[in-house]
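Okay, structure first, notes after.
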Number of protein chains: 2
Amino acid sequence: MVVMDSSTAREQVLDAAEELFYGRGVQCVGMDDIRGASGVSLKRLYQLFPAKEQLVEAYLERRDARWRGRLAAFVERREDPEERILALFDWLEVWFGEDGFRGCAWINSYGELGATSERVATQVRLHKGAFGAYVEGLVAAAGLPGTLAGQLFLLAEGAMVTAGITQTTEPARQARTAAELLLRGCRGG
Amino acid sequence: MVVMDSSTAREQVLDAAEELFYGRGVQCVGMDDIRGASGVSLKRLYQLFPAKEQLVEAYLERRDARWRGRLAAFVERREDPEERILALFDWLEVWFGEDGFRGCAWINSYGELGATSERVATQVRLHKGAFGAYVEGLVAAAGLPGTLAGQLFLLAEGAMVTAGITQTTEPARQARTAAELLLRGCRGG
DNA sequence: CCGAGGGGAGAACGCCCGTTCTCCGCTGCC
DNA sequence: GGCAGCGGAGAACGGGCGTTCTCCCCTCGG
């Protein structure tokens, strides 16, 4: 096989890890599965990630960057600050409808490993904190009261959980409708 | 030891299972841990539950009955139909503040086993379906539009997830505030 | 051409865990 | 009292998995 430098090997491992961990759950994917799917030998795999836990951490970290990047790119296509808030829920609907959607990776990982692995719990809190801060930013940019941000955040989280469990996109629309009502309420309507 | 009939043995096993599965996650609790905590021998344990998966199923099932019973008992102490809807969120706050609260057992189990075990996935869907139907009932009893129910449901789900991850009770109050606003909107206020 | 070293494949190791089996003591009936 | 059978304790079994080790090939410098 052609030589492969460390950073591409790393990416291939993370690609495989993301697909498998997200699709089946972390604990039922073995390091051997990762090797098979990535084509990176166990030896090198352990050079890149000294233990499975660190691979899980890296998987969540990289996915966080991607996920928030995609969200922001979608939202920023709208100009109006209030439209941007609603776009958040439109984006959820797009996400929920994607092939292989299986709920929120962080919520799932927290359910699986939150009690066991401090590193995983930390990644989840960081991700949810960053998402919450992003919502706060959108709310502030629209000149709306800060209390609204937490409420929208809960709607989004509820929609993610429910979409994951029911395998439908409908929760995104329900959450969007609720968000519109809350926005209207803030405008004093 | 004194003789123990099947139904008390069953209860003791389920008590132990509930505490351990909920507190640490299903997969990191072994059948031996259940035996140690319940005092029921492995042989009898396997007579009562032929496989671990069925014990998990029974744990979720019994917890569902308890959980919804407690919720209903709390809510029904209020007379006014709209107060009952808000009481739902007050009850969440009580629940979130309990010792050992670690999020929603069904959401956690779904993250852990939803992709692997059809029985577990089914239990989770049944539980969430029953909770959703209960919310719908409260909304209908208050003469409010059915679309509100789904929105309140999402708020409650979001609060459960967030309270579990952050280990705070605050999401219950945020969700309650949002619920009040949505109610007010329905009244045409 | 030769020897050293890095990397790949996969066997090996140790441990855990779900499930079953073995052995033994107790109990209750004749 | 004797014996059959139920039930408890825990060893045993089989498989899986995280991690490490062994062996071999290929490459590259002399």
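As a basis for the values below, the full set of heavy atoms in this structure was taken, side chains included, without hydrogen atoms, waters or symmetry mates. Chain naming here is simple, since letters A, B, ... match the order of the sequence lines and numbering starts at 1 in each.
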Value in whole Å for how far the P atom of D:dG7 lies from CG of B:L45:
14 Å
So that I can tick it off, tell me whether B:D90 and B:R78 are bridged by a salt bridge, with the cut-off set at under 4.0 angstrom between side-chain N and carboxylate O.
yes
Atom CZ of B:F21 to atom P of C:dC17: distance rounded to whole Å?
12 Å
For B:E170, does the CD atom sit with more than 12 other heavy atoms under 6.0 Å from it, leaving out its own atoms?
no
Separation of A:E53 atom CD from D:dT19 atom P, in whole Å?
9 Å
Close approaches to DNA chain D from residues 23-33 of chain A, in residue order (heavy atom, under 4.0 Å):
A:V29, A:G30, A:M31
Closest to side chain of A:L42, choosing from C:dT19, C:dG10, D:dG18
C:dG10
Distance check needed: C:dG7 P versus A:Q12 CD, whole Å only.
16 Å
A:R44 has a side chain; which of D:dT20, D:dA9, C:dG8 sits nearest to it?
C:dG8
Listed nucleotide nearest any side-chain atom of B:K43, set C:dA11, C:dG8, D:dG7
D:dG7
Starting at atom CG of B:L48, determine the distance to atom P of D:dG7, rounded to an integer number of angstrom.
11 Å
Residue from A:F74, A:W67, A:F89 passing ring pair (Phe, Tyr, Trp, His ring centres under 6.0 Å) with A:W95:
A:W67
Decide whether B:E157 and A:T162 meet the rule of one side-chain donor and one side-chain acceptor closer than 3.5 Å.
no
Does B:K52 place a side-chain N or O at less than 4.0 Å from the phosphate oxygens OP1/OP2 of C:dG18?
yes
Separation of D:dA11 C1' from B:R35 CZ (nearest whole Å)
11 Å
Figure out the CZ/P separation between B:F49 and C:dC17, and round it to whole Å.
20 Å
B:R125 atom CZ, neighbour heavy-atom count above 12 within 6.0 Å:
yes
Enumerate the side-chain hydrogen bond (donor to acceptor under 3.5 Å, both in side chains) contacts for residues 136-154 of chain B, please, sequence neighbours excluded, ordered by first and then second residue.
none
Inspect the contact between B:E93 and B:R176 and indicate whether a charged nitrogen and a carboxylate oxygen are less than 4.0 angstrom apart.
no
A:I34 CD1 - D:dT19 P separation (whole Å)
12 Å
